[in-house]
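Computed from heavy atoms alone, side chains included, the values below leave out hydrogens, waters and symmetry copies. Below, read A as the first sequence line, B as the second, and so on, with proteins coming before strands; counting in each chain starts at 1.
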Number of protein chains: 2
Amino acid sequence: MPSGTRARARAETTRAILDEARRQLAEQGAAALSLRSVAREVGMVSSAVYRYVASRDELLTRLIIEAYDAVGERAEAARDPQAPPREQWRAVWRAVRAWALEHPAEYALVYGSPVPGYAAPAETIPAAGRVAMVLAAIVAEHGDPAAGRDWPAVVRADVLPAVPPALVTPAVGVWTQLYGTVGFELFGQYENVVDDREAYFDAVADAAATAVGLPARRAGRPGS
Amino acid sequence: MPSGTRARARAETTRAILDEARRQLAEQGAAALSLRSVAREVGMVSSAVYRYVASRDELLTRLIIEAYDAVGERAEAARDPQAPPREQWRAVWRAVRAWALEHPAEYALVYGSPVPGYAAPAETIPAAGRVAMVLAAIVAEHGDPAAGRDWPAVVRADVLPAVPPALVTPAVGVWTQLYGTVGFELFGQYENVVDDREAYFDAVADAAATAVGLPARRAGRPGS
DNA sequence: CCACGACCGAGAGCACTGCTCTTGACGAGG
DNA sequence: CCTCGTCAAGAGCAGTGCTCTCGGTCGTGG
C-alpha cells in the first residue's frame, strides 16, 4: 500500500515536473523541451527526474494526454445542448480554435507532424477522441441523413455508432476540416491571405454544419 | 568570375550534401537530421560542411524549398488542361496525396508543425504557392461564382487575382481541406477510422470541387 | 521502538549534437 | 613561379538523453 506521505510527495514532484515541462513546451516548442533544463528549473539534478519520468518520450506522451484532455474539456464545456444545433456547432468549433490559439505549441504537439521516432502510444487514444465525440453528438441528434447521400460509405461504421450511417463519412470530413483550418491559421499559412480570421473560421464552420445536415438557422426564435 | 573547375566541384559537393540530407530526412524525420551524420556519410568532417551550408536551419530551408518545388511540379504535371474540369481537379488532388505518401517526412517538414525556433524564411514563399496556383487556375477557368454566394469576402482579393472574387474564400477553404485530409491520413489520424482511403480522398476532392462550383460530371462526352 | 529496506537525490560518465576557431595543404590565377 | 584564396581537418565548447553507482533519509513491518 502506498505510504500516503511518500505518495503525496511523489505526486507533487511529478506535478511540478509536468508543469515546468508544459511551461517550456509553451515557450519554446516540443523539440526544445529538455529534460535537463526541466530538472534545473524544478531544482533537481537531471538524473533525479528519471525517477518520475521514464524518458523524454514518456514526458511528451503525458503532455499529449493532458493537452487532449484540455481541449476536449473546453469543447465539452462550450456545448449547450439546449441551444439551436448550429449554435452548438459553432460554439464547439470556436472553443477548439480558441484553445489552439492560446496553446499553439501544445496544439502543434498533438495535431502537428509527429516527433520523429515517436509513435503515439495507445493510452493517448481515448483522450484524443473527446472533441470528435462532442461533434458527433450534435450530428447524431440534429444531422439530416439526406446530407450524406453523395458520400460513399468508406468509414468504419463503428467509430461513430450514434451517427446515422450516411453521415459518418461527411462527419469525418468536417472533423478533418476543423483541424486543417485551425492548423493552417496557427502555422502561418493564412499570413497575408485571410484578413478576418474569425469571420473566415465561422464561415468554414457553417459550411461544415451544412455538410453534415444541421438544420439551417431559422429567422424566428426556435421552438415556435 | 567563378573559376569553372572550382565552381563545379563546389556544386557537386553541395548536391551530395543535400541529397544525403534528404535521404536522412526521409528515413528518420526532420528532428533526427544531423549535420554531423550527413558529413560522415558524405565523407567529410563535420566542420567542413559549414563551408557549404551556413547552419542546420539553412539546410532545412533548402530542403523545404526543394520539397515545395517537387510537390508543385507533380501537381502541375498531373493537370491536363484539355480534360474535363473535375478530372483535372481530381488528378491534381491525387498527385499531391501521392507525393505526400511517397515522401511523408518531407511533407511533414513542409506542412506539419514548424520546427521550434525556426521561422520559414521569405525565400520559401514563391515555391510554396505552386500547388495553390494550379488549383486556382482550374477554379478560375471553370468555377461557377454562384457557388460562393454563401461565403463572406474575408480573404485578400489579390492573392488569387484570376479567381472570381466570390470564389476566393471557398477556394482557400478547399485548399485547406486538401492539406488537412492528406495530413490526417499521413499522421495516422485515420487509423482504424477510414477503411478505403482512396475512395474517401476522392469523395473529399469531389465535394471540394462542388464547393468551388466546378460543373458536375456529365454522363455524355464533353464538348457535344 | 528500532532496524531494515525501499526510495530518492547527487554525481560521474558515455555517446551524441550544433557550431566555432585555428591550422595546414592544395591548386588555380596573376 | 609564386601568392593567396579555398578547403578539409582537428580540437574544443556548451549542450543533450540516458545509465550507473553511491550515500542518505524516512516510512514501515517486526
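- Separating the CD1 atom of B:I17 from the C1' atom of C:dG18 is a distance of 15 Å, rounded to the nearest angstrom.
- When the P atom of C:dT17 is taken as reference, atom CG of A:L35 falls 19 Å away, rounded to whole Å.
- At least one side-chain nitrogen or oxygen of B:Y52 sits closer than 4.0 Å to the OP1 or OP2 atom of D:dA8.
- Contact of A:R51 with C:dG9 (side chain to base): a donor-acceptor pair of N or O atoms is detected under 3.5 Å.
- A:L33 comes within 4.0 angstrom of sugar-phosphate atoms only, judged by non-hydrogen atoms across all strands, and of no base.
- Contact annotation: the side chain of B:F201 never approaches that of B:V194 to less than 4.5 Å [non-hydrogen atoms, C-beta and beyond].
- When distances run from any side-chain atom of B:S47 to the nucleotides C:dG18, D:dG17, D:dA11, the shortest one goes to D:dA11.
- Note: A:Y68 OH to A:T124 OG1 = 5.5 Å, rounded to the nearest 0.5 Å.
- In this structure, the CZ atom of B:R56 is 13 Å from the C1' atom of D:dT16, given to the nearest Å.
- We find that CE of B:M44 is positioned 14 Å from C1' of D:dT6, with the value rounded to whole Å.
- In this structure, B:R8 atom CZ and D:dC7 atom C1' are separated by 17 Å, rounded to whole Å.
- Taking atom OH on B:Y50 and atom P on C:dT20, their separation rounds to 7 Å, with Å as the unit.
- Taking atom CZ on B:R40 and atom P on D:dA8, their separation rounds to 17 Å, with Å as the unit.
- Residue contacts shown for A:S46 include a base, since a base heavy atom lies under 4.0 Å away.
- Summary of the strand contacts: B:S34 and A:R10 both lie near DNA chain C, and taking for each the nucleotide with the nearest heavy atom, the more 5' one is attributed to A:R10.
- The shortest distance between the side-chain N/O atoms of B:R36 and the OP1/OP2 oxygens of D:dT16 is not below 4.0 Å.
- Between A:R22 and the options A:E41, A:E66, A:E27, a salt bridge (Lys or Arg N to Asp or Glu O under 4.0 Å) holds for only A:E66.
- To the nearest 0.5 angstrom, B:R94 atom CZ is 9.0 Å from B:R97 atom CZ.
- Salt-bridge formation is not detected for the pair A:R62/A:E123: no Lys NZ or Arg NE/NH1/NH2 atom is positioned less than 4.0 Å from an Asp or Glu carboxylate oxygen.
- Between the CD atom of A:E58 and the C1' atom of D:dG17 there is a distance of 14 Å, given to the nearest Å.
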